[in-house]
2 protein chains.
Amino acid sequence: MKRPTMKDVARVAGVSPMTVSRVVSGEAGVAPDTAARVEQAVRRLGYQRNDNARHLRQKDLGTSTIGLVVDDLANPFYALMARSVEDEAHRRGYVVLVGSTNDEPRREREVIAAFTARQVDGLILVPTIGGHGFLKQPMRAGTRVVCVDRPARGLAVDTVTVDNRAGARRAVTHLLDHGHTRIAYLGDRYDIWTQAERHAGYVAALTDRGLPSDPALVRHGLRSREGTHAALAELRELADPPTAVFTSNDLITLGVLDGVGHPPDVAVVGFDDLPLGERLDPPLTVVSQDPVALGGTAANLLFSRIEGDSSAPRSVILLTRFVERGSGRLPGRNL
Amino acid sequence: MKRPTMKDVARVAGVSPMTVSRVVSGEAGVAPDTAARVEQAVRRLGYQRNDNARHLRQKDLGTSTIGLVVDDLANPFYALMARSVEDEAHRRGYVVLVGSTNDEPRREREVIAAFTARQVDGLILVPTIGGHGFLKQPMRAGTRVVCVDRPARGLAVDTVTVDNRAGARRAVTHLLDHGHTRIAYLGDRYDIWTQAERHAGYVAALTDRGLPSDPALVRHGLRSREGTHAALAELRELADPPTAVFTSNDLITLGVLDGVGHPPDVAVVGFDDLPLGERLDPPLTVVSQDPVALGGTAANLLFSRIEGDSSAPRSVILLTRFVERGSGRLPGRNL
DNA sequence: CCCGGGGTTGGTAACGTTCCCAGCGAATCC
DNA sequence: GGATTCGCTGGGAACGTTACCAACCCCGGG
């Protein structure tokens with residue numbers, strides 16, 4: 001029981017495959033009654049065109065497929081981005097292949113290779129720290145690439161990011177404004193660009209006030225709620241423990257909130273927003289970014305490239321939003 | 001500047017395309033030094049096999065591509081499912097096309113048509129209310145289909161769901177146990193299977209105690225936080241307002257929490273868990289389901305079908321977990 | 001010395017589609 | 001009325017790959 005082909009439809013309709021092709025692709029120049037006969041045969045056989053074969057033959061047209069490669073599709077941040085990309089793609093008649101890298105260069109290579117082997121017209125990429133030389137050849141052959149959330153070192157392509165550094169700096173300045181001087185930084189792997197940027201913003205805010213960054217208050221590489229618990233516990237053991245914590249992503253914010261008591265004994269400001277942040281006691285102050293805008297912008301850039309724009313690579317930097325709700329003031333001495 | 005083909009590699013290596021094919025596909029029976037020459041040419045040209053052409057020729061083998069069609073990829077629940085599906089696919093060397101339906105039958109048809117036109121080997125589907133007759137032909141032709149989260153009416157395929165009805169009944173029983181008798185139901189569109197099931201569980205719990213379901217306390221069709229605010233406000237206007245609310249998904253739970261005051265004046269139990277639920281005051285009591293298990297189970301079923309299992313369609317029902325944290329007891333009269 | 005066989009390699013056709021061009025009848029034009 | 005054009009249709013080739021089979025080389029056995 002195989003799929004019917006154009007040949008089958010042609011036989012049933014009593015025409016040549018070429019005519020079927022024309023009807024199925026909606027080309028002009030087929031007599032109305034011939035077209036009707038073909039359409040009837042199509043319906044009768046349940047025929048559907050094989051787009052892989054089609055794209056193989058059509059040289060100039062692409063495959064109407066793009067690839068989206070993110071760190072972790074289960075992360076709500078990337079999920080929102082993905083949905084936004086998918087909507088733009090759907091609007092234009094494209095489909096989207098997705099893959100998660102787990103921030104592992106090897107898996108990134110595997111996923112991208114699988115996508116380019118299927119002749120995707122473009123890639124939207126949250127790059128890992130690994131090299132991207134393997135993209136050179138597909139790019140020469142016409143695959144467009146856009147980076148989002150982070151730039152890829154040594155890859156001259158359109159890139160959409162947010163002002164991580166400024167956002168973090170703003171958040172830490174807020175903590176300083178409320179009298180905190182011992183402020184901890186809890187972040188994910190330092191080799192992730194966004195994390196390094198946010199750490200730089202943390203340091204910059206301290207430097208603005210002439211304060212040094214105490215290495216004892218800085219923890220990198222936190223990848224889980226549990227890991228964050230341990231880091232927080234260690235900070236509490238210090239002779240001079242922090243009175244405030246800047247957390248550099250959602251997962252870490254959650255981990256810290258697990259350990260700050262009711263009511264909290266430590267001020268917290270986090271990067272990324274959480275759905276219930278405003279319902280906490282005290283409500284959570286955050287630096288929020290807009291994943292839908294990130295994904296949408298990246299998709300629009302990619303499609304304009306696919307449609308032929310070949311100007312110099314652009315870099316788009318979106319703004320973060322500082323949302324002050326209260327958690328940065330506690331247990332502030334000046335309030 | 002085109003992509004190199006096997007012919008190009010063959011010319012550079014001084015062999016026939018057939019030999020290149022053998023080397024690239026790792027077939028045995030090529031002399032070691034010939035293979036080395038080919039591999040060198042591959043590297044020199046940056047050659048990558050065109051898997052679309054490959055799958056076109058290989059009749060019995062598939063495309064190593066599956067499609068995942070969910071309601072909304074941005075929903076954390078489906079995002080977790082998607083990641084779980086993607087992991088299983090990646091493990092087996094498959095790639096995943098994703099699409100969101102928005103619960104619109106028309107968009108579902110479009111997305112699925114785009115996927116089957118690309119000859120996906122299988123589909124994991126969160127079906128909308130619409131008919132699925134258009135799947136008959138692809139299924140006859142070998143495309144395997146598995147439904148997840150909801151069954152598709154009139155489609156005899158493997159289906160993975162959770163015990164929505166039992167979960168809802170358990171939650172509402174909990175509210176009854178704590179003295180509530182005026183319990184509202186706030187749900188999404190009633191034509192979504194999960195929502196109808198959860199409503200049935202709500203009614204069943206009331207019936208268990210000989211209580212009628214007051215239509216004034218039931219609101220269907222809530223699709224946003226804002227819509228939920230309005231529904232909650234209406235309920236408050238009633239002469240005999242509810243003292244407890246059962247919310248039938250995450251988004252509605254969030255909407256209700258927006259409107260219950262600090263501290264809350266209404267007990268709340270929700271379907272689906274929220275990341276910060278345990279940090280609320282009082283902590284949120286929920287019926288939690290496991291999207292990773294749902295996705296993983298569906299993927300495993302699909303791949304066993306793809307690998308040839310042709311037994312009768314199975315129906316897998318996963319259990320929900322009732323997580324009692326406190327929000328169902330307030331402002332309970334018996335406590 | 002000739003024949004058979006294993007190990008390598010290449011030629012041809014085919015997967016399902018579309019591009020390009022030729023063919024054909026009818027209609028149009030002077 | 002003959003030539004030209006137009007509208008419609010079909011035949012052959014090609015996209016990049018692999019299945020299938022034939023050919024070739026070299027070796028050992030009879």
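Reminder, nothing fancy here: chain letters follow the sequence lines and each chain counts from 1.
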- Item | First of B:P17 and B:A53 reached from the 5' end of DNA chain C, by closest nucleotide | B:P17

- Message: What verdict does the side-chain hydrogen bond (donor to acceptor under 3.5 Å, both in side chains) test give for A:R118 and B:T65, after you've listed the backbone C-alpha separation in whole Å, the side-chain angles of each residue and the deciding distance to 0.1 Å?
- Response: CA-CA 10 Å; A:R118 286 170 178 75; B:T65 305; 3.2 Å; yes

- Task: Give the first and the last nucleotide of DNA chain C, reading 5' to 3', that has any atom under 4.0 Å from a heavy atom of chain B.
- Result: C:dT8 to C:dG16

- Any pair with a residue in residues 87-135 of chain B that passes ring pair (Phe, Tyr, Trp, His ring centres under 6.0 Å), sequence neighbours left out, goes on the list, sorted by first then second residue, please. B:Y94-B:F303, B:H132-B:F134

- Message: Under the criterion salt bridge (charged side-chain N to carboxylate O under 4.0 Å, His left out), I'd like the reasoning laid out for B:E88 against B:R91: C-alpha separation, chi angles, the key distance, then a yes or no.
- Response: CA-CA 5 Å; B:E88 291 295 338; B:R91 228 161 49 78; 3.1 Å; yes

- Message: Run B:R223 and B:D103 through salt bridge (charged side-chain N to carboxylate O under 4.0 Å, His left out) and show every step you take.
- Response: CA-CA 11 Å; B:R223 306 232 82 192; B:D103 261 322; 3.4 Å; yes

- Query: Should B:R150 and B:D71 be marked as a salt bridge (charged side-chain N to carboxylate O under 4.0 Å, His left out) after you check the CA-CA gap, both sets of side-chain angles, and the distance that decides it?
  - Reply: CA-CA 11 Å; B:R150 323 167 184 165; B:D71 177 354; 3.2 Å; yes

- Item | Residues in side chain to side chain donor-acceptor pair (under 3.5 Å) contact with B:D121, at least two apart in sequence or another chain | B:T63

- Residues of residues 20-41 of chain B with a heavy atom under 4.0 Å from any atom of DNA chain D, listed by number, are B:S21, B:S25

All N/O donor-acceptor pairs, side-chain side in residues 39-50 of chain A, below 3.5 Å, sequence neighbours left out:
unit_1 : atom_1 : unit_2 : atom_2 : d
A:Q48  : OE1    : B:T116 : OG1    : 2.8
A:Q48  : NE2    : B:A113 : O      : 2.9
A:Q48  : NE2    : B:T116 : OG1    : 3.1
A:R49  : NE     : A:D51  : OD1    : 3.0
A:R49  : NH1    : A:S25  : OG     : 2.9
A:N50  : OD1    : A:N52  : N      : 2.9
A:N50  : OD1    : A:A53  : N      : 3.1

- Message: Using every non-hydrogen atom in the two residues, find where A:L73 and B:A82 come nearest and quote the distance to one decimal.
- Response: CD2-CB, 3.7 Å

- Message: If I take atom NZ in residue A:K59 and atom C1' in nucleotide D:dC15, what distance separates them, rounded to the nearest angstrom?
- Response: 7 Å

- Note on the structure: Sorted by chain and number, sequence neighbours left out, side chain to side chain donor-acceptor pair (under 3.5 Å) with A:T101 holds for none

- Task: Mind listing the residues from residues 44-51 of chain B sitting with a heavy atom below 4.0 Å of DNA chain D? Number order is fine.
- Result: B:Y47, B:R49, B:N50

- Compare every heavy atom of A:G93 with every heavy atom of A:S64, then report the nearest pair and how far apart it is. CB-O, 3.8 Å

- Message: Should the side chain of B:R54 and the base of D:dT17 be counted as holding a donor-acceptor pair, with the cut-off at 3.5 Å?
- Response: no

- Note on the structure: Taken in chain and number order and not counting sequence neighbours, the residues that satisfy side chain to side chain donor-acceptor pair (under 3.5 Å) with A:R83 are A:D87, B:D72, B:N102

- Message: Is there a side-chain contact between A:Y78 and A:D149 in this structure, where contact means two heavy atoms from C-beta onward sitting under 4.5 Å apart?
- Response: yes

- Item | Beyond-backbone contact of A:V38 with A:V30, side-chain heavy atoms, under 4.5 angstrom | no

- The answer to which of B:L56 and B:M18 contacts DNA chain C further toward the 5' end, by nearest nucleotide, is B:M18

- Item | Interface residues of residues 4-13 of chain B with DNA chain D (non-hydrogen, below 4.0 angstrom) | B:T5, B:M6

- End axis versus end axis in the helix from C:dC1-D:dG30 to C:dC30-D:dG1, the angle rounded to 10°, five pairs used at each terminus: 60°

- Message: Applying salt bridge (charged side-chain N to carboxylate O under 4.0 Å, His left out) as the test, list every pair that has at least one member in residues 127-138 of chain A; sequence neighbours left out.
- Response: none

- Task: For B:R153, check side chain to side chain donor-acceptor pair (under 3.5 Å) against everything at least two apart and list the hits.
- Result: none

